[in-house]
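Within every chain, numbering begins at 1; the chains are lettered A, B, ... in the order of the sequence lines, protein sequences first and strands thereafter.
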Protein chains: 2
Amino acid sequence: MFTNSVKYALKAVLFLAVHSGEERKIMVKDIAEPINVPKAYIAKLLQELSKQEIISSTRGVKGGFYLTESNLKQPVLNVIYAIDGTYRMNSCLLSLESCNEYKPCPLHHIVSPMRSKLIESLKEKTLEDLSIEIQSGLSYLPL
Amino acid sequence: MFTNSVKYALKAVLFLAVHSGEERKIMVKDIAEPINVPKAYIAKLLQELSKQEIISSTRGVKGGFYLTESNLKQPVLNVIYAIDGTYRMNSCLLSLESCNEYKPCPLHHIVSPMRSKLIESLKEKTLEDLSIEIQSGLSYLPL
DNA sequence: TCTTAAATATGATAATTATCATATTCTTAT
DNA sequence: ATAAGAATATGATAATTATCATATTTAAGA
Ligand code: FES
Ligand code: FES
């Protein structure tokens with residue numbers, strides 16, 4: 001469904017959502033280990049997310065990655081789009097072009113409503129929402 | 001969501017569902033062109049599907065690929081599993097291990113119900129069902 | 001201002017997936 | 001039997017994705 005990169009990015013961002021803050025910046029190596037993702041790999045992804053202002057960072061001594069209040073308000077979908085682009089989630093299952101209501105492929109009626117719902121949910125849920133669920137013990141992060 | 005291989009395989013199988021029969025075998029080249037997939041690529045996929053008895057084939061003069069009545073009764077999901085394996089559809093979105101109700105990842109509550117529904121639908125719908133929909137003009141094949 | 005510790009930019013390598021090519025085997029009809 | 005037309009088996013190449021590595025830039029503190 002998603003690429004490995006998106007999965008890793010989501011894990012990292014959610015980890016930051018739970019553990020970081022403007023006063024609690026976290027370095028790559030302290031993110032990589034608990035979420036169980038290769039350090040160099042997650043570093044690259046974090047840099048990209050930072051460049052796209054999905055997450056925040058400062059360099060140098062005492063630097064690291066973190067989420068601002070504003071970052072926390074973002075929908076989960078932002079992370080996905082930032083890494084994979086929008087195409088993957090929205091393209092038709094059978095043709096490789098965009099999904100078309102007027103000339104639906106044979107799987108459209110099965111797949112499209114669910115995809116719409118999924119995207120809607122990922123747009124509604126913010127990083128903060130998920131962070132709260134994790135902290136309430138309704139879901140688990142490291143796995 | 002699915003790999004390119006699965007998409008191609010589905011297109012080919014549905015093409016066969018609509019156009020072939022025990023008395024109407026179709027050769028690779030006559031499948032590849034209308035579904036707009038490279039011949040050598042789809043050939044390999046068709047061979048694999050044939051080996052797994054998702055579709056039928058005979059070689060030699062007058063040979064080709066086709067679907068028997070029994071083939072037509074199969075759920076769409078069979079095609080997907082035959083090419084991609086079962087893992088891809090069933091694994092957790094965030095960890096790379098299997099999805100777990102008792103220790104759900106932060107996206108589980110959003111994603112899991114929809115995935116279950118999707119799998120259910122793909123299990124219920126047979127190739128014949130989709131073929132009929134195409135023939136009724138409810139959906140379109142080549143795209 | 002200089003040293004140090006961090007992210008950033010850039011790119012190299014490995015693994016997987018997608019694509020292409022061809023010699024072999026089987027089936028039908030001559 | 002044998003010639004021809006098809007799938008089959010096998011493997012090679014290309015493109016994309018995943019992974020790793022490192023030199024450069026920036027910020028903080030001595
Ligand atoms: S047209 Fe194929 S999924 Fe919508
Ligand atoms: S535990 Fe992650 S999707 Fe179910």
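A sub-4.0 Å separation between OP1 or OP2 of dA6(D) and a side-chain N or O of Thr58(B) is absent. An OP1 or OP2 oxygen of dT8(D) is reached within less than 4.0 angstrom by a side-chain nitrogen or oxygen of Ser50(B). In this structure, Tyr8(B) does not reach the dA18(C) phosphate: none of its side-chain N or O atoms is under 4.0 Å from OP1 or OP2. Between dA18(C) and Ser5(B), a contact under 4.0 Å exists linking OP1 or OP2 to a side-chain N or O. For dT17(C), the OP1/OP2 oxygens have no side-chain nitrogen or oxygen of Tyr41(B) closer than 4.0 Å.
Atom CG of residue Leu10(B) and atom CG of residue Leu107(A) lie 5.5 Å apart, to the nearest 0.5 angstrom. One finds the NZ atom of Lys7(B) at 14.5 Å from the CD1 atom of Ile83(B) (value rounded to the nearest 0.5 Å).
Hydrophobic clustering places Leu122(B) together with Met114(B) (ILVMFWY residues linked when any side-chain heavy atoms are closer than 4.5 Å, directly or through intermediates). Both Leu45(B) and Ile54(B) are assigned to one and the same hydrophobic cluster, defined by single-linkage of ILVMFWY side chains at heavy-atom distances under 4.5 Å.
Considering only the side chain of Met27(B), dA7(D) comes nearest among dA7(D), dA4(D), dT17(C). Looking at the side chain of Asn4(B), the nearest of the listed nucleotides dA18(C), dA7(C), dA21(D) is dA18(C). With dT19(D), dA7(D), dA7(C) as the choices, the nucleotide that has an atom nearest any side-chain atom of Phe65(A) turns out to be dA7(C). Of all nucleotides listed (dA21(C), dA7(C), dT28(C)), dT28(C) comes nearest to the side chain of Val61(B).
In this structure, Lys44(A) reaches the bases: a heavy-atom distance under 4.0 Å links it to at least one base atom across the strands shown.
Between Lys39(B) and Ile31(A), the residue whose closest nucleotide on DNA chain C is further toward the 5' end is Ile31(A). Taking for each of Lys62(A) and Lys51(B) the nucleotide of DNA chain D with the nearest heavy atom, the 5'-most of the two is the partner of Lys51(B).
Tyr66(B) and Thr58(B) are not linked by any side-chain donor-acceptor pair at a separation below 3.5 angstrom, with hydrogens and angles left out of the test.
Atoms CD1 (Ile42(A)) and C1' (dT8(C)) sit 15 Å apart, rounded to a whole Å.
For Arg59(B) and dT8(D), a side-chain-to-base donor-acceptor distance below 3.5 Å is absent, hydrogens and geometry of angles not being considered.
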